[in-house]
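This one's a predicted model, so the numbers in the text were calculated from it and none came from an experiment. As a basis for the values below, the full set of heavy atoms in this structure was taken, side chains included, without hydrogen atoms, waters or symmetry mates.
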Amino acid sequence: QVQLVESGGGLVQPGGSLRLSCAASGIIFSIYDMGWYRQAPGKQRELVAGITSGGNTNYPDSVKGRFTISRDNAKNTVYLQMNSLKPEDTAVYYCNAARLVFINVGSNYWGQGTQVTVSS
């Protein structure tokens, strides 16, 4: 059974920081691409950070320079360090694990989501 267990969400003031963690089980973690997505009320789910099995990272402009994704393959865990948080960062944050083998063939798993609220 695949499980992605998230922790670290909560309430933080603007300008503050949070670190999200996602512990994976049931997959060969080291060969999966990992990502953090978020979905705010009335908005589409969007990628906020990705890290490939090889360690390459990517971020949208909205979080670049503020968020950092990292992974610890020995712990089967991916992290999202969020600094200089803004109210517009408020959303449910989801952990994702994905692996493509061939075109239209692969695996995709999601965590349960954790609420991040940035407010005074």
Side-chain angles (χ1 to χ4, degrees):
Q1 183 179 357
V2 176
Q3 291 188 9
L4 302 177
V5 181
E6 300 163 325
S7 61
L11 175 65
V12 65
Q13 294 185 345
S17 298
L18 283 174
R19 190 179 77 156
L20 306 183
S21 299
C22 173
S25 61
I27 61 172
I28 305 175
F29 180 82
S30 62
I31 68 173
Y32 274 74
D33 297 334
M34 303 298 298
W36 288 95
Y37 292 73
R38 69 186 181 190
Q39 188 165 23
K43 299 181 67 177
Q44 299 293 314
R45 186 173 297 188
E46 63 174 342
L47 176 72
V48 296
I51 184 166
T52 69
S53 61
N56 295 320
T57 60
N58 66 91
Y59 309 89
D61 289 341
S62 59
V63 308
K64 194 171 298 181
R66 299 188 298 119
F67 291 9
T68 303
I69 189 171
S70 61
R71 65 191 298 160
D72 187 340
N73 288 344
K75 297 182 178 179
N76 285 7
T77 301
V78 63
Y79 305 94
L80 183 67
Q81 179 67 46
M82 303 185 292
N83 299 324
S84 301
L85 283 162
K86 306 173 181 180
E88 50 262 46
D89 295 319
T90 296
V92 178
Y93 283 70
Y94 298 90
C95 180
N96 172 262
R99 183 175 68 96
L100 287 176
V101 181
F102 304 103
I103 296 176
N104 295 326
V105 178
S107 301
N108 192 57
Y109 304 102
W110 292 93
Q112 78 285 354
T114 184
Q115 178 71 46
V116 172
T117 302
V118 185
S119 176
S120 299

Asks: Got a sec, which hydrophobics cluster with Y94, joining ILVMFWY side chains under 4.5 Å apart, including via others?
Replies: Y37, L47, V92, W110

Asks: Who are the side chain to side chain donor-acceptor pair (under 3.5 Å) partners of Q112, not counting sequence neighbours?
Replies: E6

Asks: With sequence neighbours excluded, tell me which residues meet side chain to side chain donor-acceptor pair (under 3.5 Å) with N73.
Replies: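 Partners of N73 under the side chain to side chain donor-acceptor pair (under 3.5 Å) test: R71.
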
Asks: Of the non-hydrogen atoms in G9 and V116, which two are nearest, and what is the gap between them?
Replies: CA-CG2, 4.2 Å

Asks: In the hydrophobic clustering that connects Ile, Leu, Val, Met, Phe, Trp and Tyr at side-chain heavy-atom distances below 4.5 Å, which members other than V105 occupy its cluster, ordered by chain and number?
Replies: V101, F102

Asks: I'd like to check the side chain to side chain contact (heavy atoms under 4.5 Å, CB included) partners of S119; sequence neighbours left out, ordered by chain and number.
Replies: L11, T117

Asks: Do L4 and Y79 belong to the same hydrophobic cluster, where Ile, Leu, Val, Met, Phe, Trp and Tyr are linked whenever their side-chain heavy atoms lie under 4.5 Å apart, directly or via other members?
Replies: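 Cluster IDs for L4 and Y79 differ.
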
Asks: Not counting sequence neighbours, list each pair that qualifies as a side-chain hydrogen bond (donor to acceptor under 3.5 Å, both in side chains) and has a residue in residues 14-24.
Replies: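 As it turns out, the side-chain hydrogen bond (donor to acceptor under 3.5 Å, both in side chains) pairs with a partner in residues 14-24, which skip direct neighbours, are S17-N83.
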
Asks: Who passes side chain to side chain contact (heavy atoms under 4.5 Å, CB included) against V5, sequence neighbours left out?
Replies: Q3

Asks: Between A40 and A91, which heavy-atom pair has the shortest distance, and what is it?
Replies: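 Nearest heavy atoms, A40 then A91: N-CB, 3.8 Å.
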
Asks: Considering non-hydrogen atoms only, spot the tightest contact between C95 and V78 and give its length.
Replies: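 Heavy atoms only, the tightest pair is SG-CG1, 3.8 Å.
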
Asks: Show your working on side-chain contact (heavy atoms from CB on, under 4.5 Å) between T68 and Y59 and close with a plain yes or no.
Replies: CA-CA 9 Å; T68 303; Y59 309 89; 3.9 Å; yes

Asks: Taking Y93's backbone N and O only, do any of them form a donor-acceptor pair with T114's side chain (distance below 3.5 Å, no angle check)?
Replies: no

Asks: Identify, with sequence neighbours excluded, every residue that meets side chain to side chain donor-acceptor pair (under 3.5 Å) alongside D89.
Replies: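 D89 satisfies side chain to side chain donor-acceptor pair (under 3.5 Å) with R38, R66 once adjacent residues are dropped.
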
Asks: Mind jotting down which residue pairs meet the ring-ring contact (aromatic ring centres under 6.0 Å, His included) criterion with at least one end in residues 15-36? Sequence neighbours excluded, please.
Replies: none

Asks: Are L20 and Y109 connected in the hydrophobic side-chain network, where two residues link if heavy atoms are under 4.5 Å apart?
Replies: yes

Asks: Would you give the length of the straight line joining atom OG1 of T52 to atom CD1 of I31, rounded to the nearest 0.5 angstrom?
Replies: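 Taking OG1 in T52 and CD1 in I31, the distance rounds to 13.0 Å.
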
Asks: For S62, give me all partners under side chain to side chain donor-acceptor pair (under 3.5 Å), at least two apart in sequence or on another chain.
Replies: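 Result, side chain to side chain donor-acceptor pair (under 3.5 Å) vs S62: none returned.
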
Asks: If you round to the nearest 0.5 Å, how far is CG of N76 from CE of M34?
Replies: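 Between M34 CE and N76 CG, I get 9.0 Å after rounding to 0.5 Å.
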
Asks: Return each pair, listed once, that meets side-chain hydrogen bond (donor to acceptor under 3.5 Å, both in side chains) where at least one residue sits in residues 96-108; pairs must be two or more places apart or across chains.
Replies: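 For residues 96-108, and leaving out neighbouring residues, the side-chain hydrogen bond (donor to acceptor under 3.5 Å, both in side chains) pairs sorted by first residue read N96-N108.
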
Asks: Considering residues at least two apart in sequence or located in another chain, which fulfil the side chain to side chain contact (heavy atoms under 4.5 Å, CB included) criterion with A23?
Replies: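 Partners of A23 by the side chain to side chain contact (heavy atoms under 4.5 Å, CB included) criterion, ordered by chain and then number, come out as T77.
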
Asks: Provide the closest heavy-atom pair for L18 versus G10 in the form atom of the first, atom of the second, distance.
Replies: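 That would be CD1-O, 4.0 Å.
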
Asks: Closest heavy-atom contact between P60 and A49?
Replies: CD-N, 4.5 Å

